[in-house]
Amino acid sequence: MKITCHRESLTNAFALAASIAPTRSPKEILQNVKVTAAGGKITLTATDMEVGIRLDLEEGVTVETEGTALLPVQRTMAILRENNDEVLEFETDESGIRVKGKRSKFKLPGNDPDEFPSVAGFDEDKYHIIPTRLFREMVRRTVFATDTDSSRFALGGVLLEMEEARVTAVGTDGRRLARMEGTGESVGGHQTTGASTIVPTKAIQLIERALNDNDDTVDVAARNNDLIVRTPQAVICSRLVEGRYPNWRQVFPSRENAIQLDVTVGPLFAALRQAAIVTDHESRGIDFTFAEGTLKLEASTAEIGESQIEFPIAYDGEPITMTMDHRYLADFCKVLDNETSFTFEIESGAAPALLTTDDGYGYVIMPMARDR
Amino acid sequence: MILHIDMDAFYASIEQRDDPALRGMPVVVGGAGRRGVVAAASYEARRYGIRSAMSGSKAAQLCPHAVFVSSRLEHYAEIGRQVREIFLRYTPLVQPLSLDEAFLDVTGTTRLFGSAETIGVQIKETIKQELALTASVGIAPLKFVAKIASDLNKPDGFLKVEAADIIDFLDPLPVSRLWGVGPVGNSKLSSLKLKTIGDIRRYDRSILNEKFGNWGDHLWKLANGIDPRKVVPDRTAKQISHERTFGQDITDLDMMRAVISHLCEQVARRLRRNGRYARSVALKYRRADFRTFVHSRSFPKATQSTDSVYQMAVILLSELREQHPQPIRLLGVSLGNLSDNSVHQLELFDDQDGQSSQQAIDEVVDQLSDQIGRDSVYRATSHDWVIRRRDETSGS
C-alpha cells in the first residue's frame, strides 16, 4: 500500500476512528486503526468489539498502490498532531509502515491487517432517517439516567424505539427516567420491535460523539443484535444489550389533576445547588415544599448543617412537600440551557414528579419516602 | 468505671425460680432426646461436670438423677429484657453481649447514683428483689478486666479492680482468661511457655506480633492493661459485628458460606432491631496461623436487608479465599457506616431485584426469632453450619 494524504483531513478522520479503539485491551490488535486503500479512497476501521466504526476519506487522498495497513493508534495520532506538513505519505513494506513528510521520516511496526476484525458496513434497505441534532439530543438527554451497575443489564443502555414517524429514546436507573422523543422518517417500513433495541451506554456515547452537526440527518437501522448508524462520512455499529427493557410507559405519569407549574431551568438549578451544599452521600434528599407563591428547598444533615432556599413560583394551592434526591434534578438541569422553561408537574409527596419541555423531553423523578 | 454484669446460670436459675421443686436439684435446660444439646445447667448440675453445649446423653451419664427441662427461650428473653431494663435505670450506656450479660459504663452517672461500687451493689440487689435471680458483678476501668472480675467469684460474685491494681490482678491469671484465647490459642501460647497473663506482659511484644500478627499484639496490650474499647450501646454503635471461632479449622468453602450466612442473619437482625442502616460490610478472616485479614466493601445505598449483606459478604469471602486458601479458624461479619437515615428512595418499577420480598422475609424471620428463639428459624444458606455447630458442640 502506498498513499499520500492531506494531513489535516486525515487527522480529523483518524481521531474519530481512534476514539472507538480501546486504549487498553487484551486483544492488542484492537489498538490499531485499519486503513484500506482502494478505488481512489481510503477506509479507516476501528472497533473495541462492542462498537465498530468505518470511515471513508476521499478528499486529499491519492492512492498510488492499493492495499491495507494497521496503524497503531497512539503513535500515529502523535505523528499527525506533531507534524506540520501539509501532506504525508504512508507506505508499507515487509518491515512495517513508513510515514514520510517533507523533512521527517517514521518507521512503525506493521501487524497483519488480515487479523483485524471486520467492521460491518451499512447495507440496510430498512432504516430511519433522523435529524442529527435530534438524535444527539435524544442521546444526551437520556444517557445520563442509565445505570451500568444495575443487576438488570437492560438498564445499562438507552432504549431506542422507532415507529413510522416517531422516534423515542429512554434511559432509566429505576429511580428516575428520561425520555426524549421526536420525528423521524421510516424507510422501507423500518421499525423496532418490542423493547429490545437497547444500546449500551458507552456505545451510544461514542456514537453521539462521532456525529457531526453539519450533517442534516443520520440513518439508523435496528437489527436483531446490533444497531447501525450511517452519516455521510461514517458507519458506526454497536452491539445491543441483551435483555428486556422494563415497561416504562406504565410508570410514565399521565395524570389529569396534577399540579403544573412553569419553571425556568437557571434559577431553579441555582437554588438547588445552594440547598445541596449541606447534603452528603448519606443524605441526598432535599425537601421541596410547594406553597402559596413560593417553592421552598430545604436540606438538613446531621453534623453538616441545614439550608433553606426560597424560590418564587406561581402556585396557590395547599402546601405539598416532596423529598427528592438533588442529583436527579441536577442531572435534568444540566442537559438543558439555563433559559429553557419547563413544566414541573407534581401530585403529592408520594407520587413521582414529571418534568417536561415543549420539545419532546420528559423526565420522571421518584420521590424519597420516610420509613415507618 | 465499667461494670460487667453476668446473670448466674440464667436459664437454669429461672427454671428453679419458677418451679420450687427444682431448687437445690441438678437442673439441665435442654438436652432432652438423643440429639439434644444442653443449653444451661444449674450450679448443682455443674458440680457433676455438666456444661452448656454438651450433649444431653453425656449429661445424663455424668449425673443420672439430673432433671431435664426443655428450654423456654421466649420466656428467658422476656426476663432478659427485664434485666436490661434494670441496667438502663442506672446508665444509658448499656452494651448487651447476650440475653444474660452486659457491659455498663457508669462513668457519667456516679453523681446521680453514687460510686460504681454502689451502683453495682444496687443492681445486684434490685435483680434479687424484683426478679429473684442472682447476678455476678465485675467492676474495673477496662472492659475485659471487668469481665474477668465478674467471672472470678461466680455465682453471686462481686469484685472491683482499681486502676492501680490491674497488673497485680491480671498477672497470676492463666492466659485462657483473656478474651479471644480458646483451647487452640492456649496451646499456641504454651508453645512459647506463656502460661499466665503476666508471662505475656513480660514477653517481647515484637515477637508476639511476628508470631501471631494482630492477635498477638492484641494479647500483649490486654496483658499490659491496655484496652481502649468503650461500652457502645447498639443504638449508637459505629459498627455491628458478629464473629465465630471454630472448634476445628474449616477448609470447605461451602461451609464458610454457611457460616457467613448465619453471621449475616445475626448482624442484619441487630441492625433492623435498632432501626439503623448499613452502608458497608466487612469480613474478618483469620487463618489457622492466626494471621487475620479484613476486607470491606460499600453498598450502593444503605441497607437493612439480610440478603444484601449476605450477597456482599460472600463476594468478600471468595476474594479472601482466593488469596488465602489455608484452613481458617475464625470468620466475622461486621456492618459499618451506620446511619439511622430513614429516608429511602422509592422505585419506579415494582420489586426491583426482589427487594420488597426480601424485606417481607426479614420481617417475618425477625418476628419469629423474637417469639421462638434465635436459632429456630434461619436461612437455608445457613443450614450446613447450624447443623455442624450443633454436632460440634454436642460431640465435645
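Convention: sequence-line order gives letters A, B, ...; per-chain numbering from 1. The figures that follow rest on heavy atoms only: side chains count, while hydrogens, waters and symmetry mates do not.
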What one should report as the nearest heavy-atom pair of A/V251 and B/L348 is CG1-O, 3.2 Å
Could you state the interatomic distance from CG (B/L346) to CZ (A/R175), rounded to the nearest 0.5 Å?
11.5 Å
Which atoms of A/N247 are under 4.5 Å from chain B, going by heavy atoms: the side chain, the backbone, both sets, or neither?
backbone
Quick check on A/P352 against chain B: is it the side chain, the backbone, both or neither that has a heavy atom closer than 4.5 Å?
neither
Should A/R152 and B/F349 count as side-chain neighbours, where that means a heavy-atom distance under 4.5 Å?
yes
Measuring heavy-atom distances to chain B, does A/F252 have an atom under 4.5 Å in its side chain, in its backbone, in both, or in neither?
neither
CD (B/Q323) with more than 12 external heavy atoms under 6.0 Å:
yes
Hey, is the main chain of A/M366 close enough, under 3.5 Å, to the side chain of B/Q345 for a donor-acceptor pair?
yes
Is the CZ atom of A/F311 crowded by more than 12 outside heavy atoms at less than 6.0 Å?
yes
